[in-house]
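First the structure, in the form of structure tokens, and then the observations on it.
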Amino acid sequence: MAPNVPENDQPDKAIEAQRYFDLVRDLHGDGLTEAQLAIVRERVDDVVNAGEMMRTVTLDNAEEPFSVFTPYDPGAAR
Amino acid sequence: MTGELHFKTVRELGELVRTRQVSPVELAELSLHRLDIVGRHLNAVVTLTDERAMREAWVAEAEIAAGNYRGPLHGIPYGAKDLLATADGIPTSWGAAPYRSRMFARDATVVRKLEEAGAVLCAKLSLVELAGGMGYRQPNAAFTGPGVNPWNREHWTGGSSSGSGSAVAAGLVPFAIGSETWGSILGPASNCGLSGLRPTYGRVSRHGAMALSWTLDKLGPLARSADDCGLVLDAIAGADANDPTASDRSYAYNAGDAGRRMRVGVFRDAAANAEDAVRAAFEGALDVLRTFADVEEIDLPDLPYRAVTQTILQAEATSAFEDFMREGKLDELTAPEVAYQPLARFAIPATDYIRALRLRGVIARQVGDLIASYDAIAAPTRGLVAPDIEGEFVAAQARDNMGAIGNGVGLPAVSVHNGFAPDDLPTGMQLMGGAYRENAVLAVARAYQARTDWHMHHPAEFA
């Protein structure tokens, strides 16, 4: 992201990445150097890019998470 | 006979033990000696389990002498990646300095099953810290040091099952157990010139194994042949009341010939991003496959495979180690970049993680249907040979779609040695199959190994 571009002119993805990065830096960035923060920013970009890639696929409402969940029944043997 | 034993396969050793030409005690002593002398130079060993090994070896020897032979693993030494819990006062470090003295009261299910099969645990083997889940960028990412490749000490073993790869390749143990979340069995198998099997997700209980990513983690063997991988899987597969994701589908290794011409698919451009030597080895391997199988190019559906698997892995790993991260323990790990790099994962939205889990179903169905009629899908295991052991990785595995698919939706794959790049660096071919079809991919791998001798090459320095 070019730092001198007004926020309203930036692509949505760059704005999203910057805000996520700001959140990570504010919550977890104490003591990190500028060089380390720059790497963290790159990894945040990876997170945002992955999200963007996944949203290129349209999912039906009925498309459920593909994971196993069995209600726990303390009376039944596992 | 000792000098002839250390590069034999499990199958060969098992027969020698069964017929009492070799004793389990002799094998255990040989492995312990080589692990102690050679293993430490390769940074392969975290803990030598000598007391337990000798106890198990003497038990095996007595049982066999009494006519109670348990099967092909009886009396066979092995090593376990040090993220598998072990009792008996043997530490389980997860490859991470903060945990180097951690003890567990019970064995992991895999370790227990191998003990029941009569195998002899000789060492806990090194790994990339926390199985690489914090995003390392260099081989020196374990308190035991970087995994040294037995084929060329200036190169890395691959990770995260580093010690499992080098210990088998250098003839320290005939097989080892590794784990794979994304590439951690197949990668070291390829870099070290071994056979490595990533079973179907849930085929092998994860109970007692460090959790990196609950829906991606798998346990499986690294060995000297595909046949050996099948023998080991036969012993460790199966349901487990302690792991609800362990499948209750029965598994029995079938070492028999397929008895028909096989069918192998190759995703279009599977080797497009591989370096020249890897591509050449893969093309040579395809020529061998064509002698017993119809090899067909197929098109992969356009889906965000890597984004899905990356999101699941990073979200689950961050949850698994959230307390560790918040307590500031990342600073205690070896690779300096892991002290801050994973913090970015706190930015993964819950909706992205759940979207990845929903897309997993789409991928599972589309890819599962596409490959259902094939015995295996072939590709280079790694596009790049083992990197230099010093410094940061200079190139990433840019487009590992096979790894993303196979791990993302839990499909089995076996990697086999298929050639050499310059500097004696092995190359590998992976054969991936449909869910629960380990016997199909192993049959293709065995047929390949019956027509080639790559798997019988060993590093000259350790012969």
Which atom pair, heavy atoms only, marks the closest approach of [X] to [Y]?
X       : Y       : result
T58(A)  : R355(B) : CA-NH2, 4.4 Å
A344(B) : V40(A)  : CB-O, 3.7 Å
A50(A)  : A307(B) : O-CB, 3.6 Å
D60(A)  : R358(B) : O-NH2, 2.8 Å
A364(B) : F66(A)  : CB-CE2, 3.8 Å
V47(A)  : P349(B) : CG1-CD, 4.5 Å

[X], part contacting chain A, at a heavy-atom distance under 4.5 Å:
X       : value
Q310(B) : side chain
V362(B) : both
E337(B) : neither
A356(B) : both

By a 4.5 Å heavy-atom criterion (distance strictly below it), what part of [X] contacts chain B: side chain, backbone, both, or neither?
X      : result
D46(A) : both
L32(A) : side chain
D30(A) : neither

Any heavy-atom pair between the side chains of [Y] and [X] that's under 4.5 Å?
X       : Y       : result
T311(B) : M54(A)  : yes
F346(B) : H28(A)  : yes
R43(A)  : L343(B) : no
Y340(B) : I39(A)  : yes

*Among the listed options E52(A), E42(A), R25(A), E64(A), the residue most often paired with chain B at heavy-atom distances under 4.5 Å*: E64(A)
*Pairs of heavy atoms under 4.5 Å with chain A: top-ranked of P304(B), A339(B), P342(B)*: P304(B)
_Top contributor to chain A contacts, counting heavy-atom pairs under 4.5 Å, from I348(B), V409(B), L359(B)_ = L359(B)
*Where do E63(A) and R360(B) land on the salt bridge (charged side-chain N to carboxylate O under 4.0 Å, His left out) test, with the steps shown first?*
CA-CA 10 Å; E63(A) 188 72 59; R360(B) 167 185 270 165; over 6 Å; no
*Part of residues 317-324 of chain B lying next to chain A, heavy-atom separation under 4.5 Å*: none
*Give a yes or no on whether D302(B) atom CG has more than 12 heavy-atom contacts from other residues, nucleotides or ligands under 6.0 Å away.*
no
